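Structure first, then comments.
Worth saying up front: this structure is predicted, and the values here are computed from it rather than measured. Along the sequence shown, the residues carry numbers beginning at 1. Ligands are counted one by one from 1 in listed order, and the atoms in each one are counted from 1 as well.
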Amino acid sequence: MTSSSTLGNFELTAVSDGIYQLDGGAFFGVVPKTLWEKKAKADANNHIPAGLNSVIVRTGDHIVLIETGIGNKMPDRLVKIYGQPAKLLDNLSAAGFSPEDFDIVINTHLHFDHCGWNTIRHGDNFIATFPKAKYYVQEGEWQHGRRQLERDAISYMSPNYDPLIASGQMQLLHGDQEIVPGISVKIFPGHTRHMQAVIIRSAGETACYISDLIPTTAHLDLTWVMAFDLFPLETIESRKEFYSHAIPEKWLTMFTHDPNVPWAYVEKDERGRMVARATHVAADASSARPSEKLGKIAKKN
Ligand SMILES: [Zn+2]
């Protein structure tokens with residue numbers, strides 16, 4: 001699935017590394033299955049299909065890739081659990097992009113399902129998949145991965161980032177900052193301490209790649225927090241902070257792991273529940289105002 005849209009003067013393209021499997025209990029934490037199975041159908045093994053959505057932003061001056069999926073170098077024991085679809089490069093190509101096109105790659109954090117295509121195997125070494133790009137992640141996230149703690153060491157695979165730090169291609173950030181004009185990162189703690197969202201602004205419109213703070217449209221409720229999150233109370237506070245801007249300011253919200261909806265607007269319904277309003281193909285595209293152009297989703301693949 002590839003979706004395209006505009007945001008002000010920028011072009012957005014959602015591309016996927018494919019679908020992988022997550023355990024439903026891990027995905028929805030303390031939420032009972034009787035509630036979450038109304039929103040996400042599990043198979044006989046309690047697996048739920050999860051997306052691996054990356055977003056390309058063309059600003060005119062830069063071509064930016066947000067997140068790089070699960071990649072193609074997972075160890076067998078993890079492939080057995082999660083699968084390894086490895087479709088990102090094919091889908092980039094189908095969308096008209098080659099790895100050399102990108103000058104910026106941003107990882108929201110360094111879990112293996114977010115930075116897997118940062119590098120590819122080259123003999124006994126690992127080299128940048130995107131040879132001309134500068135990569136960005138928070139230094140605190142990298143330091144946490146290096147500690148290899150009992151709880152989450154399995155989530156951090158150093159070949160995805162250490163070779164890039166050694167070569168100088170990956171820059172370690174210290175807090176919120178602008179990467180290039182119109183594209184900035186902001187830390188939303190909860191899933192990890194230093195997970196950063198990517199905020200995209202152009203000509204009065206805003207989009208936010210919110211990553212694992214809200215992994216899918218089934219996770220919009222403040223308390224539907226993944227069991228993976230290290231700091232669930234902070235996830236709830238960070239979601240409140242996010243919604244306090246995203247809802248009144250009509251930010252287009254981008255969901256990393258939603259298998260069907262790469263982006264949508266979050267709204268509060270009349271009962272105060274968070275709902276996702278998907279963007280739709282405009283019935284009459286010629287009369288669409290700029291803000292409505294977001295609704296013109298071209299579907300390929
Ligand atoms: Zn994660």
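The shortest non-hydrogen separation linking L172 to H174 is O-CE1, 3.6 Å.
Checked against side chain to side chain donor-acceptor pair (under 3.5 Å), T223 has the following partners two or more places apart in sequence or in another chain: D221.
Shown here are the protein N/O/S atoms lying under 2.8 Å from the Zn ion (ligand 1), water excluded: H109 NE2, H111 ND1, H191 NE2, D212 OD2.
Side-chain contact of N107 with H114: a donor-acceptor pair under 3.5 Å is absent, judged by distance alone.
Cation-pi geometry between R121 and F126 is not met: the NZ or CZ atom fails to fall both under 6.0 Å from the ring centre and inside 45° of the normal.
There is no path of hydrophobic side-chain contacts, each under 4.5 Å, that joins Y243 to L252. Hydrophobic clustering (ILVMFWY, side-chain heavy atoms < 4.5 Å, transitive): I214 and M254 are in distinct clusters.
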